[in-house]
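I have placed the structure first, in the form of structure tokens, so that the comments after it can refer back to it.
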Amino acid sequence: EMVAAVRPEDVIVSLAPVEYVSARNQLRGHIKKVIRTDSRTLCCVDVGIDLLADVTHVSANELELCPGKPIWCLFKTHAMNPVRMGGDSL
């Protein structure tokens, strides 16, 4: 069985679905947790599975990202990395 992984830095967040964009993967979800470090903000987003999004502190503040907030996660198909269920990358 195969799954796909997407790196947090490849995920774009939006407060609404986006039109006229080349990123075809748009998943609606809600923020479960926000983790602030010295250099970035990580959002754990429930889109049916947990997806991590890496955003700047400025973006997190401007979008008022917080637990429970509805959000859209976007990423290009090329950002998806196939992974075997044992955790080995292909």
Side-chain angles (χ1 to χ4, degrees):
E1 188 171 318
M2 301 286 290
V3 296
V6 179
R7 298 179 316 164
E9 58 269 24
D10 289 333
V11 178
I12 299 166
V13 298
S14 173
L15 299 180
V18 180
E19 294 181 348
Y20 312 111
V21 65
S22 64
R24 297 290 178 205
N25 299 290
Q26 297 192 36
L27 304 174
R28 185 170 191 250
H30 69 274
I31 298 175
K32 289 176 62 175
K33 188 173 187 178
V34 177
I35 304 161
R36 294 182 67 91
T37 68
D38 288 340
S39 60
R40 63 186 182 174
T41 300
L42 287 171
C43 294
C44 179
V45 183
D46 181 354
V47 296
I49 60 167
D50 288 349
L51 183 66
L52 286 177
D54 183 354
V55 298
T56 65
H57 295 312
V58 171
S59 292
N61 290 336
E62 287 179 357
L63 296 173
E64 299 177 349
L65 301 180
C66 61
K69 186 160 194 153
I71 197 125
W72 289 83
C73 295
L74 294 77
F75 55 90
K76 295 182 77 149
T77 300
H78 295 295
M80 295 173 57
N81 301 300
V83 177
R84 288 191 186 101
M85 286 305 289
D88 297 327
S89 294
L90 293 180

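Predicted model only: the values in this text are computed from it and were never measured. No hydrogens, no waters, no symmetry mates; every other heavy atom, side chains included, goes into these values.
With hydrophobic clusters built from ILVMFWY side chains whose heavy atoms lie under 4.5 angstrom apart, L63 shares a cluster with V55. I49 is connected to V45 through a chain of hydrophobic side-chain contacts under 4.5 Å among Ile, Leu, Val, Met, Phe, Trp and Tyr, so both are in one cluster. Both V34 and L27 belong to a single network of hydrophobic side chains, linked directly or stepwise wherever heavy atoms of I, L, V, M, F, W or Y lie under 4.5 Å apart. Residues L52 and I31 fall into different hydrophobic clusters, defined by Ile, Leu, Val, Met, Phe, Trp and Tyr side chains chained together at heavy-atom separations under 4.5 Å. Under the 4.5 Å side-chain heavy-atom criterion for ILVMFWY residues, no single connected hydrophobic cluster contains both L74 and M80.
Here the closest non-hydrogen pair linking V47 and G29 is CG1-CA, 4.1 Å.
Considering only residues two or more places apart in sequence or on other chains, D46 meets the salt bridge (charged side-chain N to carboxylate O under 4.0 Å, His left out) condition with none of them.
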TODO: Tell me, with the steps shown, if K76 and D10 meet salt bridge (Lys or Arg N to Asp or Glu O under 4.0 Å).
DONE: CA-CA 8 Å; K76 295 182 77 149; D10 289 333; over 6 Å; no
- [ ] Give the C-alpha distance, both sets of side-chain angles, the deciding distance and a yes or no for side-chain contact (heavy atoms from CB on, under 4.5 Å) between V11 and V6.
- [x] CA-CA 7 Å; V11 178; V6 179; 3.7 Å; yes
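Atom-to-atom distance recorded for L65:CG and K33:NZ is 15.5 Å, nearest 0.5 angstrom. Expressed to the nearest 0.5 Å, how far CZ of F75 lies from CD of Q26 amounts to 10.0 Å. With values rounded to the nearest 0.5 angstrom, D50 atom CG is found 12.5 Å from C43 atom SG. Expressed to the nearest 0.5 Å, how far NE2 of H30 lies from SG of C44 amounts to 9.0 Å. Atom CG of N61 is separated from atom SG of C66 by 11.5 Å, given to the nearest 0.5 angstrom.
Under the 3.5 Å distance criterion, with hydrogens and angles disregarded, no donor-acceptor pair is assigned to the side chains of R40 and H57.
Between C73 and the options N25, L51, I12, a side-chain contact (heavy atoms from CB on, under 4.5 Å) holds for only L51.
Within 6.0 Å of atom CZ in R36, more than 12 heavy atoms from other residues, nucleotides or ligands are found, so the atom counts as buried in its surroundings.
Sequence neighbours left out, not one pair with a member in residues 14-23 passes side-chain hydrogen bond (donor to acceptor under 3.5 Å, both in side chains).
Looking at N81 and R7, their side chains come closer than 4.5 Å, going by heavy atoms from C-beta outward.
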